[in-house]
Chemist: 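Once you've had a glance at the structure underneath, I'll fire off some questions.
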Amino acid sequence: MRLAVTEPGVPEIFHSLQGEGISAGKPSVFVRFSQCNLHCVWCDTAYTWNFQGTEFIHRDDAPGAPRKFDRAAETVDVSVETLAARLIEQSCRRIIFTGGEPLLQQRDLGVLIQQLKATDPDFYIEIETNGSIKPAGLAAELIDQFNVSPKLAHSGNAAAIRLKPDVLAFYAADPRANFKIVVAEPSDLEEVHELVSSSGMPPARVWLMPEGRTPQELRSRERWLAEACLRAGYNFTDRLHIHLYGDTRGT
Ligand code: SF4
């Protein structure tokens with residue numbers, strides 16, 4: 001399995017509080033997968049996909065000097081068995097597979113989750129996905145919770161790539177799935193309403209989250225976003241980890 005790293009050769013596996021969405025505040029073990037099929041201009045984990053030799057655009061690019069990451073230095077391959085052993089030795093049983101996009105590696109992920117559940121049925125498995133890939137096989141059966149984060153136009157991804165109506169309808173119909181939508185400006189809200197309505201997402205399973213990588217950016221958007229949530233019946237989520245630790249790896 002190809003994982004992101006906290007430093008060369010060290011997989012990004014860490015124990016922290018979930019910072020966002022329905023499980024915010026819960027102690028969890030995070031495993032960050034490398035690689036993503038989307039390329040959001042404001043992504044805070046661009047080191048999982050914005051590698052040298054690609055032409056993707058990111059907000060951190062300087063004029064004439066795109067900020068690119070060394071693929072070899074930013075990734076590490078770990079076997080299913082090694083990762084399973086590493087997770088089994090943790091005392092925390094809430095495991096969050098995040099990325100990047102973990103479902104790009106869902107065949108191995110399904111085998112890994114099967115090993116974890118066979119060892120201890122108390123393992124609780126969350127997947128953070130961008131909602132453009134449907135889970136299949138073991139990965140679909142054994143996952144306890146999907147944290148689905150479909151992207152709006154301000155992410156910079158073409159609609160045909162980021163929005164797959166059949167995939168979003170699948171998650172909307174699955175009570176294990178909740179939705180977290182990143183909002184940057186009040187003008188994004190019409191797009192949110194259209195996406196929720198056309199996909200059949202129950203508003204009670206939708207969380208709106210301000211875009212931001214600093215406490216100041218988050219605070220500047222929280223007041224009007226909270227009021228929009230109240231009006232529409234959505235949930236609001238902050239980004240707890242940003243307030244606690246800043247925009248840092250392994251937190
Ligand atoms: S889908 Fe998530 S990991 Fe992928 S580029 Fe967008 S924000 Fe980053």
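For ligands, and for the atoms within them, numbers begin at 1 and follow the listed sequence.
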Chemist: Below 4.0 angstrom from a heavy atom of Cys43, which ligand 1 atoms are there? Numbered from 1 as shown, please.
Modeler: 3 (S), 5 (S), 7 (S), 8 (Fe)
Chemist: Does Lys151 come within less than 4.0 Å of ligand 1, judged by its heavy atoms?
Modeler: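 Flag set, Lys151 near ligand 1.
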Chemist: Run the numbers for me: atoms of ligand 1, each under 4.0 Å from some heavy atom of Asn130, listed by number.
Modeler: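 Those of ligand 1 that fall under 4.0 Å from Asn130 are 1 (S).
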Chemist: Once the angle between the rings of Tyr171 and Phe179 is folded into 0 to 90°, is it parallel (under 30°), tilted (30 to 60°) or perpendicular (over 60°)?
Modeler: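 Ring orientation of Tyr171 relative to Phe179: perpendicular.
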Chemist: Determine, step by step, whether Arg221 and Glu217 satisfy the salt bridge (charged side-chain N to carboxylate O under 4.0 Å, His left out) criterion, reporting the C-alpha distance in whole Å, the side-chain angles of both residues, the deciding distance to 0.1 Å, and the verdict.
Modeler: CA-CA 7 Å; Arg221 294 177 164 130; Glu217 285 177 318; 5.2 Å; no
Chemist: Of the listed options (Gly156, Cys40, Gly100), which comes nearest to atom 5 (S) of ligand 1 when hydrogens are ignored and any heavy atom counts?
Modeler: Cys40
Chemist: Looking only at protein heavy atoms, identify the closest one to atom 4 (Fe) of ligand 1 and say how far it is in Å.
Modeler: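 Residue, atom and distance for the closest contact: Cys36 SG, 2.3 Å.
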Chemist: Relative to the ring of Phe146, is the ring of Phe170 parallel (under 30°), tilted (30 to 60°) or perpendicular (over 60°)?
Modeler: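 It falls in the perpendicular class, over 60°.
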Chemist: Can you tell me if Arg59 has over 12 outside heavy atoms packed within less than 6.0 Å of its CZ?
Modeler: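 It does: Arg59 CZ has more than 12 such atoms within range.
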Chemist: Can Thr129 and Glu101 be counted as having a side-chain donor-acceptor contact under 3.5 angstrom?
Modeler: yes
